[in-house]
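A quick write-up on the structure given underneath.
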Amino acid sequence: MTQESSASLSDIAAQAGAWLDGNWDPELGLVEWRNKLVDSGWGMPEWPAQWYGRDFGAAEVRTVEQEFARRGVVGVARAGIRLLAAATLLEHGSEEQKQQFLRRILTGEDTWCQLFSEPGSGSDLAGSTTRAERDGDHWSVNGQKVWTTSAQHAHWGLLVARTDWEVPKHKGLSYFIIDMKQNGIDVQPLKQMNGHASFNQVFLTNALVRSEHLVGAVGDGWKVAMTTLSHERRRADGVRSGYADIGLQVEKSGRIFDEERDELATVMEPYSWYPQRAGRVDLAAPRAIESGRIEEPAVRQELARLLTMSASAEWTARRARAAQRLGKAQGPEGSLGKLAASHVARQASRVHTLIAGSDALFAGPQSVEDGIIAEILLSTPAVSIAGGTDEIQRNIIAERVLGMPKEARVDGGPFRDVPRNPTN
Amino acid sequence: MTQESSASLSDIAAQAGAWLDGNWDPELGLVEWRNKLVDSGWGMPEWPAQWYGRDFGAAEVRTVEQEFARRGVVGVARAGIRLLAAATLLEHGSEEQKQQFLRRILTGEDTWCQLFSEPGSGSDLAGSTTRAERDGDHWSVNGQKVWTTSAQHAHWGLLVARTDWEVPKHKGLSYFIIDMKQNGIDVQPLKQMNGHASFNQVFLTNALVRSEHLVGAVGDGWKVAMTTLSHERRRADGVRSGYADIGLQVEKSGRIFDEERDELATVMEPYSWYPQRAGRVDLAAPRAIESGRIEEPAVRQELARLLTMSASAEWTARRARAAQRLGKAQGPEGSLGKLAASHVARQASRVHTLIAGSDALFAGPQSVEDGIIAEILLSTPAVSIAGGTDEIQRNIIAERVLGMPKEARVDGGPFRDVPRNPTN
Amino acid sequence: MQFHFSDEQEQFRMMVRRFFERQCPTSATRKLMDDELGYEPAVWRRMSSELGLAGVALPEQFGGGAFGAVEEAIVAEECGRSLAASPLFASSVLAARCIHKVASSADCERLLPALARGDRTAALALSEPNAEPSLSGITCTLTVDQDARLSGRKHAVIDGANADVIVVVARLAGSTGDAGITLVEVDPGATGVTVSVQQPLDPTRKLAAIEFRDVQARVLGEPGEAASGLRRALNQALIALSSEMVGGASRLFEDTLEYTKLRMQFGRTIASFQAIKHRMSELLLSVELAKSAAYFAAEACAADDPDLNYYASLAKAAASDAYMLAATEAVQLHGGIGFTWDADVHLWFKRAKSSEVLLGDASWHRERMILNLPAEVSARRAGQAE
Amino acid sequence: MQFHFSDEQEQFRMMVRRFFERQCPTSATRKLMDDELGYEPAVWRRMSSELGLAGVALPEQFGGGAFGAVEEAIVAEECGRSLAASPLFASSVLAARCIHKVASSADCERLLPALARGDRTAALALSEPNAEPSLSGITCTLTVDQDARLSGRKHAVIDGANADVIVVVARLAGSTGDAGITLVEVDPGATGVTVSVQQPLDPTRKLAAIEFRDVQARVLGEPGEAASGLRRALNQALIALSSEMVGGASRLFEDTLEYTKLRMQFGRTIASFQAIKHRMSELLLSVELAKSAAYFAAEACAADDPDLNYYASLAKAAASDAYMLAATEAVQLHGGIGFTWDADVHLWFKRAKSSEVLLGDASWHRERMILNLPAEVSARRAGQAE
């Protein structure tokens, strides 16, 4: 079934509703229910029919989601990076890999993490120096990864490692699935300047990967990783909202909701400061008003600047989504969101400082807004770094959107000869 | 005599004073008086003794200048680019060239212009494509120059032209003195966006240069031009103030002053908008106060920003001058003046706009401050372009002051093969 | 809110753009800069009769094109791109819109169809010397007795020297604030009217100062009751102006981008320098954000959003900053050539500067935003939103 | 104005810098972040006895070093570079300076020598919750009868939890504005004093809230007459703070420059990317300009310039903006590593943020500049100057 299918959206809503009528029970166990969802094809209807889905297009998926939301029904596991893993496996994985991993991704039994970034290659993923070498029936992996969310409780990792040092950097990488629960892996939390430790460093010392857990061919690592990253970017653009708009209206009680809440609490814990990182524009005007600082002309000017920037960034994102929804060629507006977010966060930090005045000297639960303001001031610098620095974003916009010449490459030769950061 | 000379500064003041007592007469003709000055060595005492000077160091020169200033005595001709020509000739010129040109530079009988920039090579002087070819006893020059102040009344031009297309760009240039009063030269005024036409385009069509007017050797053009430009930069840094502080206190009447005023009016005419170009920071607070707009909080904030920037730029320049005066190693502060001036001018333009409000809609003598404000708004964009764009300044600061790597060159081969702008 | 243009709207835009490209190249604009009238009557006739643009802002019943605020914004944006000179902004957007929102049906019938056809033009005398751009700052005084008599000074009246009718924002003698604000019609030839051309910083926007000395005037609508209608009309004009500005900013951006790709220095295009690339990315961001603000405001206007004061000021503040940034960067990246009269950059630079202060500068509109914060901005949201 | 440091001053700077480099590396700073006292007493003793820094701001007659404002600025700048933790700013610069400018000779004799020796420390209780950083906003109230009794709340008292003596800026009951402003001395152990540690955003700067409930206080100087002395003392403290800030900004700049020259991405150092080079040039400009402003203010202070309000505020406004810019760019150019706890960048980032709002933020000081425009700025100059 595709978007051109003859089944009307209301037929689909009726079918999904009928199945839910017959199967949904909030007193089921979370995994038990999700196994039912997986078998029915209603849990992830955009996936292929042979892999727990229904080949649905965007409009049909939205219809199903609305049906779930209306009833407050728990869906398959989506949080964290598990769906990036699934999307990558659906495109590049072997039959056996799909068989082994996809179901347990959807039921939430397995959690995943992403072992891409390294201390020496932040903006430059293709410069990875983690080394994977064949060792009989296995691959043996040595190196260090960083910025790995949830590494401490993940079962599986998506790993990019170098398997060939004699070819140009993009060609010598391979992509693996690595078992995170093994002796060769040491996970250390990485504390940030705002006091949170949402990420980890992962030290790999003769860590083992089973041969059958190579994804794609040897040397395909860059191509496969691009699939993972393109899904990450799409998610970051907010095209898929995940849990956000599902089931807010319905009273939620029952065993399954308790289990889901526990699951979410674990998965979402690293993200507790993300709203503050974005600058909490929602708090700016209310705080200015409640504190009386809105009487201050400098506060008024800077607040208005923030509101202008933030609203027009939001409207720009909606222009991009509207174009996408209509299948129109996307203008430059689609590539600007990340850079706009940095400007908004920086200006928000300025405004919150202006409003706080000498209260900006304090942090912690006794400080203004239970420490939220201090957390904003110490978190906004991450927006312009995480997930592609502003510098990389500006390169991408200039080169891909504006058609300006690419930077001359000096790292095109065999990777062995490319100058790089020392590793320790 | 050097700075270490035994003659004390007060001796020098006394000698200069004695000579002036015996010779100065405001009823002399300007050229007549300056010839006396040239012969005496008091007109340009920092020059070599064999060329109309006294080999004086900075402190001694200052002493002489003060003696002139105290009495309101007219000095040698300094305005325009004549002293850049002289400095270049003193360093690279032949005996015959010095003989021919130096005296008439100082007497003011000859005026000069600088034929360096071309439409196709603004920031990239070494990319000049004006062509000089040997033609018997002469050089024949073809090409186009631009941004040439005073070309319409100059007697002589300092010309950089390409004499060799087979070598790298910096090596194929030669430096000439060209007679501006000839048929092969067509001078066209170049109107700017602010309505002034301070510059000219100069079209050279089989224009002739006498063989003996090559400065330095063939192929030395870049090196010789650097001498001219380094003197220009030094002057721009305000180390030499020229006429500015000379003779303000003394009543000036007499034939010589009339002649000097006429000379200055001609030479300085192209620069009438330069104070406006710099932003007229001096007018900002008075205008805000007189217009009542200083009651506006946004005006107050932006005005304070301007005053902060402008004052600290001035103090930074003074730090540089103090270090230079003391013979200390100059810190980064010495290279920042040009870039700071751009920031000041841009902010000044903002502040003048804010103060003017809807009056910024008008221009011309009927508009605010007799059109001065409009002229500011339309002139400040030139600060960050003229005399080395901000982009070039930032490159220089990063590479020379901060020791960051130079841009990779793609124009190192024979000039014939270097991609360049089409010429018409 | 739709956040996109319909296919019809896109086609309309391309039609307008092509018309301006053909009829209003900068060579024509340059000639008109020295022309007293400031536009080409033949082109204005075609804009009016063939494209119906003179009536773009007016309802069908008064001869208008039944276009909405979005179509009007499209036309304004294309005017900004091309710098097409015409009485459109002064007559159709400003004056006719104010008449429509304030005057009686009979007066609308009498005045608007000729304006909508482009047969006559009107000018709005609003701004006063040394006054802030709000209605409460109006000092031109009207005494209404047997007849209405107007006294006072206006300046920066766009196309004010050649209009067939002058529409003046005045106040009843003795009134303050919004109360007493009245719109009147004045015959430019009437006794006591002195119109003098003012030399504009932006020679593509003709301005006049007008002095009224006890001039006979005709009140439009109810005396003293014009403020709310005028405010709606002026919000729409602000949005049209913002649209014009983002059109100009886009054009400057595109021309500059093209120039950086052609201009060679040091053996490479200046577009290949990373510092230039990064600045062009930032400039694109600024221009696109301002564009979104103008589009949203136009849609909000079409939907009669109660917070239009806020959204119109937001659009104007964003457009002012983005246009001046684009103008400054355009001159800079064109280098010395960009500062010459012969290069076209300065035409938009001057338009950017004059638009920046027209109908209130960015800081004034930011202040107005704060005075008109919508409830969803000023109140804490339930739960924690990102 | 000299616009340069003498050879003696340069030698003094290098001595201080070397001392801090050895005694106060960031490894030590990190330990002190969790320490309640917040500084190393042994280091403070050496700073005081060997270098005489505790008395840097005080005249010889009270045990001070007879240093001038310029030397004090040098010490502050080096403190800012190294983040050296000590009671210097709280006790010597803020509290002792206020005592010196306000108290009687006898009280100075009694209090200052021990502070100048570093044997005791004082804290200045100035800032109040929700009040602007001006003397006229003071609400802590003093009633002077047989004895003086103090009531009110202070917050953000630097090193307030461990000071031997607390100096409080209060006002006489019923007074407003400058009139009535009084400096009093309070024993931290006195009845009615409640000191509570406040968690600082910048863990290298210890803060306390202090509540006074009818506390016995000792008036320093004449009751109600402290305003002008305090203002002079606070201007000097502002200049010292600005110097500290430009020291921190310079350090961040240098560390970041060094990092860009080491860090490789895409086979080259990030210092080789033109966009980075241009930003470093702009950052250098901003830092050097702020430095000049701090130096000038220190010289103006030494020369007892009548416009010190203006120059002190100018220096603080420039330092606030430059330091935050340096901090933001430093984190950004260090990339992900710059956002971690283990990298040192955040130590200065937090100091930049807390310094930004300490003793008034940049916009407050810009406002203060306009209220204190020197005559040569506010008047038209004769002739046209460039």
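Chain letters run A, B, ... following the sequence lines, proteins first, then strands; residues in each count from 1. When reading the values below, keep in mind they use all heavy atoms of this one structure, side chains included, and skip hydrogens, waters and symmetry mates.
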Inset, instruction - Might you confirm whether atom NZ of C/K261 has over 12 heavy atoms from other residues, nucleotides or ligands at distances under 6.0 Å? - result: yes
Legend entry - Side-chain donor/acceptor of C/Q199 to backbone N/O of B/Q366, under 3.5 Å: no
Legend entry - Contacting moiety of C/I270, where chain B heavy atoms sit under 4.5 Å: neither
Legend entry - C/S127, part contacting chain B, at a heavy-atom distance under 4.5 Å: side chain
Legend entry - Contact check, side chains of B/D359 and C/H155, non-hydrogen atoms, under 4.5 Å: yes
Legend entry - C/K350 side chain vs B/M193 backbone, donor-acceptor pair below 3.5 Å: yes
Inset, instruction - Against chain C, work out which of B/P381, B/G371, B/A363 has the most heavy-atom pairs shorter than 4.5 Å and name it. - result: B/A363
Legend entry - Region of B/A398 that comes under 4.5 Å of a non-hydrogen atom in chain C: neither
Legend entry - Residue part contacting chain C, namely of B/L125, when any heavy atom lies under 4.5 Å: neither
Inset, instruction - Give, as side chain, backbone, both or neither, the part of C/I337 having an atom under 4.5 angstrom from any heavy atom of chain B. - result: both
Inset, instruction - For C/F266 and B/E407, run side chain to side chain contact (heavy atoms under 4.5 Å, CB included): C-alpha distance rounded to whole Å, both residues' side-chain angles, the deciding distance at 0.1 Å, then the answer. - result: CA-CA 10 Å; C/F266 306 103; B/E407 285 300 294; over 6 Å; no
Inset, instruction - Select one option (side chain, backbone, both, neither) describing which atoms of C/E367 are under 4.5 Å from chain B's heavy atoms. - result: neither
Legend entry - chain C contacts, top residue of B/G292, B/S121, B/G127 (heavy-atom pairs, under 4.5 Å): B/S121
Legend entry - Heavy-atom contact with chain B under 4.5 Å, split by part of C/R205: neither
Legend entry - Winner by heavy-atom pair count (cut-off under 4.5 Å) against chain C, out of B/R420, B/R394, B/E391: B/E391
Inset, instruction - Please check if atom CZ in C/R153 has more than 12 non-hydrogen atoms from other residues, nucleotides or ligands closer than 6.0 Å. - result: no
Legend entry - Contacting moiety of C/A156, where chain B heavy atoms sit under 4.5 Å: both
Legend entry - side chain to side chain contact (heavy atoms under 4.5 Å, CB included) assessment of B/T353 paired with C/D361: CA-CA 9 Å; B/T353 303; C/D361 65 17; 5.9 Å; no
Legend entry - Contacting region of B/N395 [heavy-atom separation from chain C under 4.5 Å]: neither
Inset, instruction - Heavy atoms only, distances under 4.5 angstrom: which of B/A374, B/A298, B/S358 has the most pairs with chain C? Name it, please. - result: B/S358
Legend entry - Closest-packed option against chain C by number of heavy-atom pairs under 4.5 Å, given B/D417, B/V299, B/L354: B/L354
Legend entry - Minimum heavy-atom distance B/W147-C/T340, with the two atoms named: CH2-CG2, 3.5 Å
Legend entry - Where C/V331 and B/I385 come nearest, the two heavy atoms and their spacing: O-CD1, 3.7 Å
Inset, instruction - Enter the distance from B/L377:CG to C/F349:CZ here, rounded to the nearest 0.5 Å. - result: 7.5 Å
Legend entry - Heavy-atom check, side chain of B/N421 versus side chain of C/R263, under 4.5 Å: yes
Legend entry - Residues, nucleotides or ligands: over 12 heavy atoms within 6.0 Å of B/R400 CZ: no
Legend entry - Side chain C/Q265, main chain B/G120, donor-acceptor under 3.5 Å: yes
Inset, instruction - Would you mind checking which part of B/L190 comes under 4.5 Å of any heavy atom in chain C, side chain (CB onward), backbone (N, CA, C, O), both or neither? - result: side chain
Inset, instruction - Examine whether an atom of B/S384 lies under 4.5 Å from a heavy atom of chain C, and if so say whether it belongs to the side chain, the backbone or both; otherwise answer neither. - result: both
